[in-house]
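Below is one structure, written out as structure tokens; comments come after it.
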There are 2 protein chains.
Amino acid sequence: MTPRIPVSVDLVVLTVRFAELCALVWRRDRPPYAGRWALSGGFIHLDEDLPAAAARVLAERAGLPGAPVHLEQLRTYGYPDRDPRQRVLSVAYLGLAPDLPASTEAHMSWRPLTELSEMAFDHRRIMLDGIERARSKLEYTSLGAAFCPPAFTVAELRRVYEIVWGRTLDPRNFHRKVTKAEGFLMPTGHSTTRDGGRPAMLYRRGPAELLRPPMMRPAKDVVRL
Amino acid sequence: MTPRIPVSVDLVVLTVRFAELCALVWRRDRPPYAGRWALSGGFIHLDEDLPAAAARVLAERAGLPGAPVHLEQLRTYGYPDRDPRQRVLSVAYLGLAPDLPASTEAHMSWRPLTELSEMAFDHRRIMLDGIERARSKLEYTSLGAAFCPPAFTVAELRRVYEIVWGRTLDPRNFHRKVTKAEGFLMPTGHSTTRDGGRPAMLYRRGPAELLRPPMMRPAKDVVRL
DNA sequence: AAAATAGTGTCTATTAGACAATATGCG
DNA sequence: CGCATATTGTCTAATAGACACTATTTT
């Protein structure tokens, strides 16, 4: 007889708003961990693929149906006591989103990391793993643009990097790096003054997914979480 | 009622032998997929942590108890039809091992990739994901040494890189890179002539896990699998 | 000595890091 | 104009890629 285990999908959905890295969470209203912040999650259905379950949780539980969120599998958490009621295996997904309104209907809200020191279950560990994945993916992929609106300026992209990495970056060197990286940015032909000052060119995400050579975080930030 | 699913752990254990990248596999002797190569795996026990399950499968099913194998979680595969008998969720682990004898008792053998074009279930996809993980980890970590014996020469480490990446590397530039990388190699004070020619210094793995800046694969190999 | 492999050095191209100067909007 | 931000450019340091040379063993 093979042991069978309940399996859930939990989502670490990150965005950048008000110059802070925020996660999409809700406040539990019943035990266990009543009053603590929790990631959105749900049990997978018996005939459901994992990416489909993640998309469903994003739409139904996280309240972001159809939103342009980059979703990728993060890792699986299976420590037997992670849920005190019963053993639950959790396949965590990482979502990177532009600054979208949180669904009040789904009781979700964006909270900066500083407010999330106490979370339900092992959700803080999962969230920290997601943040570290996001930080390292900005180094060697073009995923930083997933935090931006469809058309964005180089400075807006730079602020994403600065906030996710927690370091200021030289605007001129950053500009050189991303505009010279083949396929990272596609000019839209338009510009905007929404950031003040001289109008900035607007770009869309290009087809390139990898950044070669990578843009390394300044060494100070390489410390483990 | 929450749906419960059987969960297995499958192991992609890789090594370098006879100048080839090899995976540890066994030949299935019953349906489904009778006669095909399969990864070692097993169902997780009800009270067992995932790393513990992976270690147990490595010892009992893969026949490598106590062997110095680097194990890390790879990813989770959950497509409903991946096992035709019943839905099984598989948490895959990647193992990197030195050239160890395969256990005949466990009916395991090391097979080069070229022999593994047809495998049971989705094991080829899992194995390819493991290989891609290994290839990319060689770029930015010191894990190449996990394929080597406890004491090894720079040339032996270089051959690991060459075989895993499928590219020849310049011996002098490689030597400079790894010997100047802080904490990658620790001199043992001994040397060996087992590779012929002038005696080579023997090193042990150093404490560093990350290689900064990374050693990038030549661009030709960056293509997706 | 010849062959084989290890290890060091040198030159150059590329890239990152620091920083100056110019451009173009707005109030 | 004066201010804010964008964009281009320049100089320098670090690193990678290409390649020559010397060192130390075995046969």
Side-chain angles (χ1 to χ4, degrees), chain A residues 19 138-140 144 148 151-163 165 167-182 184-203 208 210-222, chain B residues 19 138-140 144 148 151-163 165 167-182 184-203 208 210-222:
Chain A
L138 290 202
E139 292 191 321
Y140 63 94
C148 297
F152 55 90
T153 69
V154 172
E156 288 162 355
L157 181 63
R158 174 169 51 82
R159 279 188 278 275
V160 164
Y161 273 79
E162 291 179 330
I163 290 161
W165 283 350
R167 305 271 305 159
T168 59
L169 299 173
D170 184 277
R172 300 153 292 190
N173 294 339
F174 182 86
H175 190 282
R176 177 182 60 195
K177 178 73 183 178
V178 297
T179 55
K180 292 215 172 140
E182 187 87 18
F184 196 156
L185 300 179
M186 307 287 286
T188 62
H190 302 112
S191 61
T192 181
T193 59
R194 64 192 178 207
D195 297 324
R198 172 176 170 179
M201 295 288 301
L202 281 166
Y203 296 89
L210 294 178
L211 231 202
R212 285 184 65 87
M215 172 165 29
M216 304 298 282
R217 282 175 271 188
K220 255 187 203 169
D221 273 337
V222 180
Chain B
L138 257 46
E139 292 191 320
Y140 64 96
C148 296
F152 55 90
T153 69
V154 172
E156 288 162 356
L157 181 63
R158 174 169 50 82
R159 279 188 277 277
V160 164
Y161 273 80
E162 291 178 331
I163 289 160
W165 284 350
R167 306 271 304 160
T168 58
L169 299 173
D170 184 277
R172 299 152 294 186
N173 294 338
F174 182 87
H175 191 282
R176 177 181 61 195
K177 179 73 182 176
V178 297
T179 54
K180 292 214 173 142
E182 187 87 18
F184 196 156
L185 301 179
M186 307 287 287
T188 62
H190 302 111
S191 61
T192 181
T193 59
R194 64 192 178 207
D195 297 323
R198 171 176 169 179
M201 295 289 300
L202 281 167
Y203 296 89
L210 293 178
L211 188 55
R212 283 183 66 86
M215 172 164 30
M216 303 298 282
R217 283 175 271 190
K220 253 187 204 169
D221 273 336
V222 180

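What you see is a predicted model, and the numbers here were worked out from it, not measured in a lab. Numbers restart at 1 for each chain; the letters A, B, ... are given by sequence-line order, proteins then strands. Scope of the values below: all heavy atoms of this structure, side chains included, with no hydrogens, waters or symmetry mates.
- The shortest non-hydrogen separation linking A:Ala181 to A:Leu211 is CB-CD2, 3.5 Å.
- Rounded to an integer number of Å, the gap from A:Leu202 CG to D:dT7 C1' is 15 Å.
- Contact annotation for A:Met201: backbone-only contact, meaning every heavy-atom pair under 4.0 Å involves sugar-phosphate atoms and none involves a base.
- Atom-to-atom, CZ of B:Phe152 to P of C:dA6 comes out at 14 Å; the value is rounded to the nearest Å.
- The CZ atom of B:Phe174 sits 18 Å away from the C1' atom of D:dC19 (whole-angstrom rounding).
- Partners of B:Arg176 by salt bridge (charged side-chain N to carboxylate O under 4.0 Å, His left out), not counting sequence neighbours: none found.
- With values rounded to the nearest 0.5 angstrom, A:Asn173 atom CG is found 10.5 Å from A:Arg158 atom CZ.
- We find that OH of A:Tyr140 is positioned 21 Å from C1' of C:dT15, with the value rounded to whole Å.
- Comparing C:dA16, C:dA6, D:dT7 by their nearest atom to the side chain of A:Val154 picks out D:dT7.
- Although no hydrogens or angles enter the test, the distance criterion places a donor-acceptor pair under 3.5 Å between the side chain of A:Tyr161 and the main chain of A:Leu138.
- Distance A:Leu169 CG to C:dT15 P: 19 Å, rounded to the nearest Å.
- For the pair B:Leu157 CG and C:dA6 C1', the interatomic distance rounds to 15 Å; values are reported in whole Å.
- The phosphate of C:dA16 (OP1 or OP2) has a side-chain N or O of A:Lys177 nearer than 4.0 angstrom.
- Remark: B:Ala200 pairs with B:Thr153 by the side chain to side chain contact (heavy atoms under 4.5 Å, CB included) rule, at least two apart or across chains.
- Pairing each heavy atom of B:Met215 with each of B:Val178, the nearest pair is CE-CG1, 4.2 Å.
- The distance from atom NZ of A:Lys180 to atom P of C:dA16 is 10 Å, rounded to the nearest whole Å.
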| query | In the 5'-to-3' direction, what one-character label does each nucleotide of nucleotides 17-27 of chain C receive under the scheme B = base within less than 4.0 Å of a protein heavy atom, S = sugar-phosphate only, - = no such atom? | reply | BBBB--BBS--
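- Atom NE2 in A:His175 sits roughly 18 Å away from atom P in C:dT15 (whole-Å rounding).
- Taking the side chain as every heavy atom from C-beta outward, A:His190 and A:Pro199 never approach each other to under 4.5 Å.
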